[in-house]
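A short worksheet on the structure shown next.
One-based numbering, in listed order, for ligands and for the atoms of each. Along the sequence shown, the residues carry numbers beginning at 1.
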Amino acid sequence: MPSPNRELLEKAVNTIRMLAADGVQKANSGHPGMPMGAADMAFVLWTRHLRFDPQEPRWLGRDRFILSGGHGSMLLYSLLHLAGFDCTLEDLRSFRQLHSRTPGHPEFGLLPGVECTTGPLGQGVGNAVGFALGQAMLSAKLGPGNPVEDHFVYATCGDGDLMEGVASEAASFAGHNKLGRLICLYDDNGITIDGKTTLSFSGEDVTKRFEAYGWHVQAVDGRDHDGIDRAIAAAKAELARPSLIRVKTVIGFGSPRKAGTSAAHGAPLGEEELAATKRALGWPETPRFLVPDDVRAFWAEVQKEKALQKQDWAARAEGWRREHPEQARILDAHVQRTVPEDLAARLLADLPAPDSTRKLGGAMVQKIAALVPSFVTGSADLFESNNNDVKGGGAVGPGNYAGRNVFYGVREHAMGSIANGLAYDGLFLPAVATFMQFLDYMRAPVRLAALSRLEIAFLYTHDSIFLGEDGPTHQPVEHLTTLRAVPNVEVWRPADPAEVAVAWASAMQRRGGPTSLVLTRQKLPAVKRDGPLDPEALARGGYAVSSPAKASFTILATGSEVPLGQAALELLAQRGRVGRLVSVPCLERFLAQPQGWRDAVLPPALPTVAIEAARGLEWWRLVGREGLVIGIDRFGESAPEKALSEAFGFTPAKVAERIESWLAGMR
Ligand SMILES: Cc1ncc(C[n+]2csc(CCOP(=O)(O)OP(=O)(O)O)c2C)c(N)n1
């Protein structure tokens, strides 16, 4: 690192503070306090430690930097600007404006150098654990000397992050797994929105808590650059434990009237106070968004040094590639997250016999593990029930990261956010599983995965009241609707071996968003198709299973209700009512098809009934006003599956009866 004098260092840090304060003032909204207080620690980290290349923001050997408290986004944007990333002064001036690349909270994919979307507090900590887990897993697979062997994952987090349960879950997981390359800098300023943290966060000792999780914890003054430098160096040297550095900072540092108070947290300083702050820091009041020439020159020197680090890395990586061509191919398969183009055909070959769709899913997982090197699977303590472990794939655990199966423990929320971290880093195709009911415990990461266009498979088994005796606490009713309500999630609820195969292939091949696979606990009978299976039709998310010429109505169903609909149709046919059967394993895919396809599958002229053992609100848009939805509008009950089918009207006879009276009531 270049060694400037104290005065220039102070000026460089004040540049970050003032870019942030100016940005928030210009937008007339935002959070100046955090960037102003955390500027020193971020500056030391970025200039003296963080490995990065602004020309190649996704450089494999870079250190990862995650700003967990996304409200402090101007800190990240200012750093990206100064460090030479494609983040211009114009971007900073457009902070929080329509279509800008500098939204209120950092969003993955908008601005190079933003590693993940943060804003919902705690998520970034979980994501960072995911990045560190991915580093450990890939490095273990590739062996000593590999190009991902020695980078670090840095995160900054605040009081809010550390109050959130998800961060605690993730920290516990990271401690257990000894993720020593994870280093969190805690912006320990004692202030949140409502005031001092003593209002709600004084009963615990964060140091002892993290030590108890198995972390290495240090404390340092937030203005002491050499102290921060030494603490980071010590954290890097401690490779057997993740590190937390408590950096004692002052929120809104420099503001005469607002520093150290919650007034600096989430509102512009105001013109008057901004001017007073600039005077107090010895900063010119104008121009706004000032980057002094000597500060620019300093960052240019920093960049030169970073470029040398990269050159050094690249030379080593090249040597490693030459000496380990086989391992290099594995690395490439991870970087590209290679999935065979004919994956669906391969999964459709030698289909297993009908069974519960969770068990069928398990059969697909074995094949996928062999065909997709970057595939990694996990469960929140339910591998036995979710059936998604790779047989003989080995457990990922402390000091032993080469396995394919991640044991997340009973931590659904952190599981989602750790898996998002794996997906953000782009080196794994992760799948994570739990009971569908516990989607409630991990909805935030599902939403963020969708917003951030991440490739990830969320597996939910035990998908309806028909899981049986565990009762309504475990029986999803509204969860399909909840999942389908999230934009950019593809939700698959397959009915039989072929549908499970295509759903899994789609989950692996989809780019630009996550996929949910919704699977039954109970065994399902075979679905009898009119003709041979058409995988392409199936992949469109909705297709006719049977379509007799003289049909007068259509039954639309998903998952376990497809064979049920088929059985009901047989009863109705005996009474002279001939109907068609349509399976819609993925509503989002189906709705994305051209109108012609949709009308051929669901002819508008025919009355349509949808059957799904769930709330089913979304089916009204397909069945229309005259249509019928046979769903479930109350909580389930604890009973054997058969008794529940009777009680909730999901037997072939009861379904047939309802359809018959509905048809009879039509004009
Ligand atoms: C899950 C979640 N809940 C609430 C908020 C709203 N919120 C944004 S910042 C903040 C306080 C954060 O305090 P701290 O981490 O100490 O940040 P600082 O005050 O130091 O900027 C809250 C409650 C949020 N962003 N995410």
Any luck finding a side-chain donor-acceptor pair between His225 and Asp40 under 3.5 Å? yes
Matching residue for Glu273 among Lys258, Lys278, Arg257 - test: side-chain hydrogen bond (donor to acceptor under 3.5 Å, both in side chains): Arg257
Decide whether an N or O pair under 3.5 Å exists between [X] and ligand 1.
X	answer
Ile191	yes
His31	no
Leu121	yes
Gly119	yes
Ile251	no

Nearest non-hydrogen contact with atom 19 (O) of ligand 1 belongs to which option: Gln123, His105, His265? His265
Could you tell me whether His265 and His31 have their ring centroids closer than 6.0 angstrom? yes
Can the ring centres of Phe407 and Phe383 be said to be less than 6.0 Å apart? yes
Atom 14 (P) of ligand 1 [closest protein heavy-atom partner, distance rounded to 0.1 Å]: Gly160 N, 3.5 Å
Among all protein heavy atoms, pick out the one at the shortest distance from atom 20 (O) of ligand 1; state its residue, atom name and that distance to 0.1 Å. Asn189 ND2, 2.6 Å
Strictly under 4.0 Å, does any heavy atom of Gly69 approach an atom of ligand 1? no
Interfacing atoms of ligand 1 (cut-off 4.0 Å, heavy-atom, His71): 9 (S), 17 (O), 18 (P), 21 (O)
In this structure, are over 12 heavy atoms from other groups packed under 6.0 Å from Phe438 atom CZ? yes
Asp425/Arg64 ion pair, N-O < 4.0 Å: yes
